[in-house]
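Below is one structure, written out as structure tokens; the observations come after it.
Because the structure is predicted, anything quoted here is derived from the model rather than measured. Naming convention: chains lettered A, B, ... in sequence-line order (proteins, then strands); numbering from 1 in each chain.
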Number of protein chains: 2
Amino acid sequence: MQNAVTNDRQRRILETALDLFTRRGYFNTSVHDIQRAADISIGSIYHHFGNKEGIAKALYDDLVAQMTEAVARIRERNKGLYQRGRAFIAYLFEMAETMPAAMNYILYARHREFMPGETPICSSKPFELVQDMVGEAMRAGEIKSQDPVIASAVIFGGAIRLIHLRLDGVLERPLSDCEADVWQCAWRSVAGAE
Amino acid sequence: MQNAVTNDRQRRILETALDLFTRRGYFNTSVHDIQRAADISIGSIYHHFGNKEGIAKALYDDLVAQMTEAVARIRERNKGLYQRGRAFIAYLFEMAETMPAAMNYILYARHREFMPGETPICSSKPFELVQDMVGEAMRAGEIKSQDPVIASAVIFGGAIRLIHLRLDGVLERPLSDCEADVWQCAWRSVAGAE
DNA sequence: GTCTATATTTAGATAGAC
DNA sequence: GTCTATCTAAATATAGAC
């Protein structure tokens, strides 16, 4: 992973790319499109990012780093999976509402199609951290014992699916409206060591 | 929607396209690639499907039709959401194992990126039917009353997430192994009118 | 309906001045 | 570091013989 991007110009390139990638898709966006929209020369773009994939990768690394930090903070500030899981979903829902393009990019972009070397998002750092929290809760007896992959999928699958629906315009009300309901259902599905 | 494809040649084109689209992605597959792999002339391909998007669309329509029929059959042969939902997940899991390319295409392809006019899969026919079943169960008091969109997401979100994980190679055991667990959790999350 | 050969466009990427 | 102008390869699509 390369250094975080600090330069203003680079930021503007990435923001523009994120916007275009999300609205039209990676393959329907040419570097020339980014150049036009960001009003920065194409030479400059290639100078900073090497090639088109470099733009996508920088964007991805940036967002994953942000998310990893957020998850770590959630873990720190909350005790137990009940609190932590709820906070995580709240974070995802808020991000989906305030930065839909970023959320869309992370969830949807099908990165492997244009970043061959990259691991799928679901096995990246932030999701590993979440899985760790689930395993921890299991050992503590907070939730019943089972395959942690399955447990994580069941706990967060509903919320993730709702985010997809929201980003696709199927769900019309903001996600925060159903946060409590979703978490209640999710928790009930795994709670109570029996 | 156009007529189903019956011709042998057309079938071979579609099968090849599905394979390539799934493994390399739509935009990394050229019509020439399909031509080579299917060993059918490019003129013939354009004759039948008009353009590249026409191939993707025929494929999509075909798979959605198959799935719609399957869901209708599930609805017919089972009573109550408990049986129906379980049968639906079993169907999805089996399809993911026996026709991973097809499942991948349906779930992942991000169709809207290359089929601008198409509705997202989650609001297509088969998913509508599933939502109807959920609503029906709610009115019958089989599950507690709430927004049917949320309920559907919670019930099937975990299973869908597991399919994603399986197709991405994160989950190593076949999906059938966790079918019972997943359904038990899913059902517990919404069951019991209270 | 099927084929080969070709036209057209546009993408990603580079060169080289400043 | 930034820019303009340009190169090159490859993709979609078509023409027209059979």
Side-chain angles (χ1 to χ4, degrees), chain A residues 2-60 62 105 109-118, chain B residues 2-60 109-118:
Chain A
Q2 60 196 42
N3 287 340
V5 174
T6 45
N7 185 304
D8 260 14
R9 259 183 133 70
Q10 294 180 40
R11 279 246 83 83
R12 192 151 103 248
I13 294 168
L14 288 184
E15 275 165 27
T16 308
L18 174 59
D19 178 55
L20 292 174
F21 287 172
T22 307
R23 285 188 311 165
R24 307 185 197 165
Y26 176 82
F27 290 98
N28 292 323
T29 302
S30 71
V31 180
H32 290 280
D33 290 337
I34 298 172
Q35 178 263 308
R36 259 190 303 275
D39 198 30
I40 288 177
S41 76
I42 197 165
S44 205
I45 295 179
Y46 275 96
H47 174 77
H48 283 299
F49 298 100
N51 56 28
K52 187 180 174 186
E53 193 182 320
I55 305 173
K57 179 134 175 48
L59 209 44
Y60 183 74
D62 213 48
Y105 186 74
R110 191 79 182 98
H111 302 94
R112 282 152 41 159
E113 187 164 330
F114 54 88
M115 306 192 316
E118 202 57 47
Chain B
Q2 61 196 39
N3 287 340
V5 174
T6 46
N7 184 304
D8 261 14
R9 259 183 134 68
Q10 294 181 38
R11 279 245 82 84
R12 193 152 102 247
I13 294 168
L14 288 185
E15 274 166 27
T16 308
L18 175 59
D19 178 54
L20 292 175
F21 287 172
T22 306
R23 284 188 312 164
R24 308 185 196 167
Y26 176 82
F27 291 98
N28 292 323
T29 303
S30 72
V31 180
H32 288 282
D33 291 337
I34 299 172
Q35 178 262 309
R36 259 188 303 274
D39 198 30
I40 288 176
S41 76
I42 196 165
S44 205
I45 295 178
Y46 275 95
H47 174 77
H48 284 299
F49 298 101
N51 56 28
K52 187 181 174 185
E53 194 182 319
I55 305 173
K57 177 129 176 53
L59 208 44
Y60 182 74
R110 191 78 182 100
H111 301 94
R112 283 152 40 157
E113 187 164 329
F114 53 88
M115 307 191 314
E118 202 58 45

Would you say Arg9(A) reaches dG1(D)'s phosphate, i.e. side-chain N/O to OP1/OP2 under 4.0 Å?
->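 The answer is no; no side-chain N or O of Arg9(A) sits under 4.0 Å from OP1 or OP2.
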Taking only side-chain nitrogens and oxygens of His47(B), does any of them come within less than 4.0 Å of OP1 or OP2 of dA13(D)?
->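 Indeed not, no polar side-chain atom of His47(B) lies that close.
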Would you kindly compare His32(A) and Asp39(A) by the position of their nearest DNA chain D nucleotide and give the one closer to the 5′ end?
->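 Between the two, 5'-proximity favours Asp39(A).
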Geometric class of the Tyr26(A)/Phe114(A) ring pair [parallel <30°, tilted 30-60°, perpendicular >60°] |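 Correct class here is parallel.
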Quick one: label Ile42(A) by what it contacts on the DNA or RNA (base, sugar-phosphate, nothing), any heavy atom closer than 4.0 Å.
->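 The answer is base, as Ile42(A) lies within the cut-off (heavy atoms under 4.0 Å) of a base atom.
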Name the nucleic acid region contacted by Ser44(B), choosing base, sugar-phosphate or nothing; use a 4.0 angstrom heavy-atom cut-off, strictly under.
->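 Touches a base.
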Rounded off to whole Å, could you give me the [atom1]-to-[atom2] distance for the [X] and [N] pair?
X	N	atom1	atom2	value
Phe27(A)	dA11(D)	CZ	C1'	13 Å
Lys52(B)	dA13(D)	NZ	P	9 Å
Phe49(A)	dT14(C)	CZ	P	16 Å
His48(B)	dG1(C)	NE2	P	6 Å
Gln10(B)	dG1(C)	CD	P	8 Å
Glu53(B)	dA11(D)	CD	C1'	15 Å
Ile13(B)	dG1(C)	CD1	P	12 Å
Gln35(A)	dA13(C)	CD	P	15 Å

Donor on one side chain, acceptor on other, Thr16(A) and Asp19(A), under 3.5 Å =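 Their side chains do not contain a donor-acceptor pair, so the 3.5 Å distance test is not met.
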From CA spacing to verdict: side-chain contact (heavy atoms from CB on, under 4.5 Å), Arg23(B), Leu20(B) = CA-CA 5 Å; Arg23(B) 284 188 312 164; Leu20(B) 292 175; 3.6 Å; yes
Residue closer to the 5' end of DNA chain C, Gly43(A) versus Tyr26(A) (nearest nucleotide) |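 Nearest-nucleotide comparison on DNA chain C picks Tyr26(A).
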Select one nucleotide: of [options], the one nearest the side-chain heavy atoms of [X].
X	options	value
Tyr46(A)	dA13(D), dT2(D), dT14(C)	dT14(C)
Ser30(B)	dG12(C), dT2(D), dA11(D)	dA11(D)
Ile40(A)	dT2(C), dC3(D), dG1(D)	dC3(D)
Asn51(B)	dA13(D), dT4(C), dT12(D)	dA13(D)

Salt bridge present between Arg9(A) and Asp39(A) (N-O < 4.0 angstrom) =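 No.
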Short N-O contact, Arg24(B) and Asp33(B), less than 4.0 angstrom |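 Counted as a salt bridge, because a side-chain N and a carboxylate O are separated by less than 4.0 Å.
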